[in-house]
Novice: 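Here you go, one structure.
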Amino acid sequence: MRIFSRYVFRQATTAFLLILISLTGIVWIALALRQFNVVTSQGQDTWMLVRVTSLAVPNLMAIIAPFSFLIGALQTLNRLNTDSELIVLSAAGSTVWTVARPLLLLALIVSVFLAFVSHLAQPWSMRLLRDYMVQVRSDLLTQVIQPGRFSSPEQDLMFHIRDRSADGELLGLIMHDTRDKSQSQTYLAEHGTIVKQDDTAYLLMTTGHIIRRSDADGPPQIIAFDKYVVDLDRFEPQSDSSGELKPRERYWSELVNPSPSSKLYKSSAGQFRAEINERLVSPLYPIAFAFLIIAFVGQARSTRSSRMQSLVLTFLLGAACRMAGLALNSAVARNPTMLFALYGVPIFAIGLSLFMIKRADRQRPPSRLLETLSELPSAIAASIGRLLPRRKVAP
């Protein structure tokens, strides 16, 4: 790149990184405040809160990065025009592509970053978050529930223990579950132990009874047991595909080639289709934003005229394109024919921008340098004519 291109690239990159870090920090703080109950109600320490909320950062960056690039590039071009740098370039005969090249290069880098986040960073963080939630659920019984107190980790779910031994075993366990409105279940056990296997935590109860009541007027069913196992995943809302990786938790190969026996894929094939195409189309938006910025803000203007309307219009167009893409991604999960619209949004934005740039080039007045070069032959001829001696006309 030339000196000016490196200068524009450095300015735009600095603005992009500053905005990206600032927006990510603000959203992370808001998320941490919302998840603060992980510390207060579920007995986890502050470090667990930081780890759980930080794992959501890749997912946030996939949304924030295109907008950070949009705002950073707009601010860079507006400052270049305010300092009359774009005007000097236009007067020197440079085209709009002089400024466009470094912005397009930065857009390409942001697109590669988004592809990396979507295909690698996001599935890795979601899987690690899944493991942490297993730890939180298992710690719920071993650390949070206090002996002699009734604790409710979830609505319509109540725990009580008489005591806890030194090795963490629960003594005199009572668990009352009324989340299923069709029946209520009460578990009574002399001993309870938390057992972890793979990514799931289980509560192993020994020597107890299960009291089930499906009819308020009918007698309850009492079942005695020596050993009984309860999956702690039941403490959270579950689907028919409990234990399977969600589409966002899968790497690309697992996403495009799911197991034929997968219950989640059979019941929610549209979610897999939406996730695949979202990972493919999201890197197109920074490039579309770059072309929109070049088309509407890349032309040099007098410092006396306000560029605020163009800046606001460009930002609204970019935001509308991205919001439309997110809405269409949800529609693709229900209707496969919406794929054309999903890819059509960024492609249409790029095509419209190229049309606007081409139209502006045709209407662009010639620069001072071109005018001087075009008048140079006539000026040289006039100077030579003045130097030559004039012939006298005979009387």
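In what follows, every heavy atom counts, from backbone to side chain, and hydrogens, waters and symmetry copies are set aside.
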Novice: Is there a path of hydrophobic side-chain contacts, each under 4.5 Å between heavy atoms, that joins I63 and L342?
Specialist: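 As far as the 4.5 Å side-chain criterion goes, L342 and I63 are not connected within one cluster.
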Novice: Among all residues two or more places apart in sequence or in another chain, which pass the ring pair (Phe, Tyr, Trp, His ring centres under 6.0 Å) test with H119?
Specialist: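 Ring pair (Phe, Tyr, Trp, His ring centres under 6.0 Å) check on H119 returns W252.
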Novice: Indicate the ring-plane relationship of F67 and F289, choosing parallel, tilted or perpendicular according to the 30° and 60° boundaries.
Specialist: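 Ring orientation, 0 to 90° scale: tilted.
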Novice: Is a side-chain donor-acceptor pair under 3.5 Å present for H191 with T206?
Specialist: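 Not at all, the side chains of T206 and H191 share no donor-acceptor pair under 3.5 Å.
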Novice: What are the two closest non-hydrogen atoms of P286 and V110, and how far apart are they?
Specialist: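 Between these two residues, the closest heavy atoms are CG-CG1, 3.8 Å.
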Novice: Of the non-hydrogen atoms in G192 and E169, which two are nearest, and what is the gap between them?
Specialist: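 Taking every non-hydrogen atom into account, O-CG, 3.5 Å.
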Novice: Which heavy-atom pair separates G318 from L70 by the least distance, and what is that distance?
Specialist: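 Of all heavy-atom pairs spanning G318 and L70, the closest is CA-CD2, 4.2 Å.
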Novice: Are V27 and F69 linked, directly or through intermediate hydrophobic residues, by side-chain heavy-atom contacts shorter than 4.5 Å (ILVMFWY only)?
Specialist: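 Yes, same cluster.
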Novice: Donor-acceptor pair, S125 side chain versus A121 backbone, under 3.5 Å?
Specialist: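 Side chain of S125 to backbone of A121: a pair is present.
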Novice: Verify the cluster assignment for L103 and L105: are they in a single hydrophobic cluster under the rule of side-chain heavy atoms below 4.5 Å apart?
Specialist: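 In one cluster with L103: L105, yes.
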Novice: Is there a side-chain contact between T76 and T14 (heavy atoms, below 4.5 Å)?
Specialist: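 Sidechains of T14 and T76: no contact.
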Novice: Please check if the number of heavy atoms outside Y251 that lie under 6.0 Å from its OH is greater than 12.
Specialist: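 Buried by this count: over 12 neighbours within 6.0 Å.
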Novice: In Å, rounded to the nearest 0.5 Å, how long is the span from CD of Q122 to CD of E249?
Specialist: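 Those atoms lie 10.0 Å apart.
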Novice: Under the side chain to side chain contact (heavy atoms under 4.5 Å, CB included) criterion, do L311 and F296 qualify, and how do the steps go?
Specialist: CA-CA 8 Å; L311 294 172; F296 290 92; over 6 Å; no
Novice: Hey, could you give me the CZ/CE distance between R359 and M356, rounded to the nearest 0.5 Å?
Specialist: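 Here the interatomic distance stands at 6.0 Å.
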Novice: Output, in order, the C-alpha distance, side-chain angles, deciding distance and verdict of side chain to side chain contact (heavy atoms under 4.5 Å, CB included) for V230 and M205.
Specialist: CA-CA 8 Å; V230 176; M205 296 181 288; 3.5 Å; yes
Novice: Considering residues at least two apart in sequence or located in another chain, which fulfil the side-chain contact (heavy atoms from CB on, under 4.5 Å) criterion with S54?
Specialist: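 With sequence neighbours excluded, S54 shows a side-chain contact (heavy atoms from CB on, under 4.5 Å) to W28, V50, given in chain and number order.
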Novice: Show the numbers, then the answer: is there a salt bridge (Lys or Arg N to Asp or Glu O under 4.0 Å) between R322 and E278?
Specialist: CA-CA 11 Å; R322 192 65 186 102; E278 174 63 19; 3.0 Å; yes
Novice: Over all heavy atoms of both residues, which pair between P260 and K266 is shortest? Give the atoms and the distance, please.
Specialist: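 Nearest pair, atom of P260 first, then K266: O-CE, 3.0 Å.
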Novice: Holding to salt bridge (Lys or Arg N to Asp or Glu O under 4.0 Å), I want the full list of residues that pass it with R279, two or more places apart in sequence or in another chain.
Specialist: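 With neighbours one apart ignored, the set is E275.
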Novice: Side-chain contact, heavy-atom cut-off 4.5 Å: L74 with I293?
Specialist: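 Touching, per the 4.5 Å side-chain cut-off.
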Novice: Looking only at heavy atoms, which two atoms of S353 and A295 are closest? And how far apart?
Specialist: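 The answer is O-CB, 3.6 Å.
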Novice: State whether the number of non-hydrogen atoms from other residues, nucleotides or ligands found under 6.0 Å of Y7 atom OH is greater than 12.
Specialist: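 Correct, the count exceeds 12.
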Novice: Hey, is CG on D163 packed in by over 12 heavy atoms from elsewhere, all under 6.0 Å?
Specialist: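 Yes - once you tally the heavy atoms of other residues, nucleotides and ligands closer than 6.0 Å, there are more than 12.
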Novice: Under the ring pair (Phe, Tyr, Trp, His ring centres under 6.0 Å) test, which residues partner Y265, sequence neighbours left out?
Specialist: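 Partners of Y265 under the ring pair (Phe, Tyr, Trp, His ring centres under 6.0 Å) test: F272.
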Novice: Side chains of I222 and I210: does their closest heavy-atom pair fall under 4.5 Å?
Specialist: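 Result no, sub-4.5 Å side-chain heavy-atom pair not found.
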Novice: Is the side chain of T24 donor-acceptor paired with the backbone N or O of I21 at a distance under 3.5 Å, no angle test?
Specialist: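 It does not hold such a pair.
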Novice: Is any side-chain heavy atom of F315 less than 4.5 Å from a side-chain heavy atom of I71?
Specialist: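 Yes. Closest side-chain heavy atoms under 4.5 Å.
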Novice: Could you state the interatomic distance from CG (L352) to CZ (F291), rounded to the nearest 0.5 Å?
Specialist: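 Nearest 0.5 Å value for the CG-CZ distance: 12.0 Å.
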Novice: Would you check if M61 and F113 make a side-chain contact, meaning some heavy-atom pair closer than 4.5 Å?
Specialist: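 M61 reaches F113 side chain to side chain.
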Novice: Within a strict 4.5 Å, meaning less than it, do heavy atoms of the S111 and L284 side chains meet?
Specialist: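 No, every pair of side-chain atoms sits at 4.5 Å or beyond.
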Novice: Could you walk me through whether L104 and W97 pass the side chain to side chain contact (heavy atoms under 4.5 Å, CB included) test, one step at a time?
Specialist: CA-CA 10 Å; L104 289 174; W97 298 107; 4.2 Å; yes
Novice: Under 4.5 Å between side-chain heavy atoms, hopping through other hydrophobics if needed: is there a path connecting L280 to L255?
Specialist: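 Looking at the clustering, L255 is in the same group as L280.
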Novice: Applying salt bridge (Lys or Arg N to Asp or Glu O under 4.0 Å), name anything that partners E254, two or more places apart in sequence or on another chain.
Specialist: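 Residues passing salt bridge (Lys or Arg N to Asp or Glu O under 4.0 Å) with E254: R127.
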Novice: If you apply the rule side chain to side chain contact (heavy atoms under 4.5 Å, CB included), what do you find for L188 with I211, and how did you get there?
Specialist: CA-CA 8 Å; L188 308 174; I211 304 175; 4.1 Å; yes
Novice: Within the 4.5 Å heavy-atom criterion, are S184 and D177 side-chain neighbours or not?
Specialist: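 No, every pair of side-chain atoms sits at 4.5 Å or beyond.
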Novice: Enumerate the residue pairs fulfilling side chain to side chain donor-acceptor pair (under 3.5 Å) with a member in residues 59-68, sequence neighbours excluded, ordered by first and then second residue.
Specialist: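 Qualifying pairs, neighbours excluded: N59-R248.
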Novice: To the nearest 0.5 Å, what is the distance between CG on L245 and OG on S259?
Specialist: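 Output value for this atom pair is 11.5 Å.
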Novice: Spell out, yes or no, whether I64 and I26 are grouped together once hydrophobic residues are joined by side-chain heavy atoms under 4.5 Å, including indirect joins.
Specialist: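 No, no single cluster joins them.
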Novice: Quick check: does any side chain N or O of N277 sit under 3.5 Å from a backbone N or O of R273, one acting as donor and the other as acceptor?
Specialist: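 Yes; judged by distance alone, with no hydrogens or angles, the pair exists.
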Novice: Could you pull out the closest heavy-atom pair between P66 and L114, with the gap in Å?
Specialist: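 Scanning both residues, the minimum pair turns out to be CG-CD1, 3.8 Å.
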Novice: Atom CD1 of I294 and atom CG of L77: how far apart are they, to the nearest 0.5 Å?
Specialist: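 Going from the CD1 atom of I294 to the CG atom of L77 covers 8.0 Å.
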Novice: Going by side chain to side chain donor-acceptor pair (under 3.5 Å), Q185 matches just one of Q221, R212, R213. Which one?
Specialist: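 With Q185 as partner, side chain to side chain donor-acceptor pair (under 3.5 Å) holds for just one option, R212.
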Novice: Once rounded to the nearest 0.5 Å, what's the spacing between atom CG of L170 and atom NE2 of H160?
Specialist: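 Here the interatomic distance stands at 12.0 Å.
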Novice: Does the side chain of V112 come within less than 4.5 Å of P283's, by heavy atoms?
Specialist: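 Of all side-chain heavy-atom pairs linking V112 with P283, none is under 4.5 Å.
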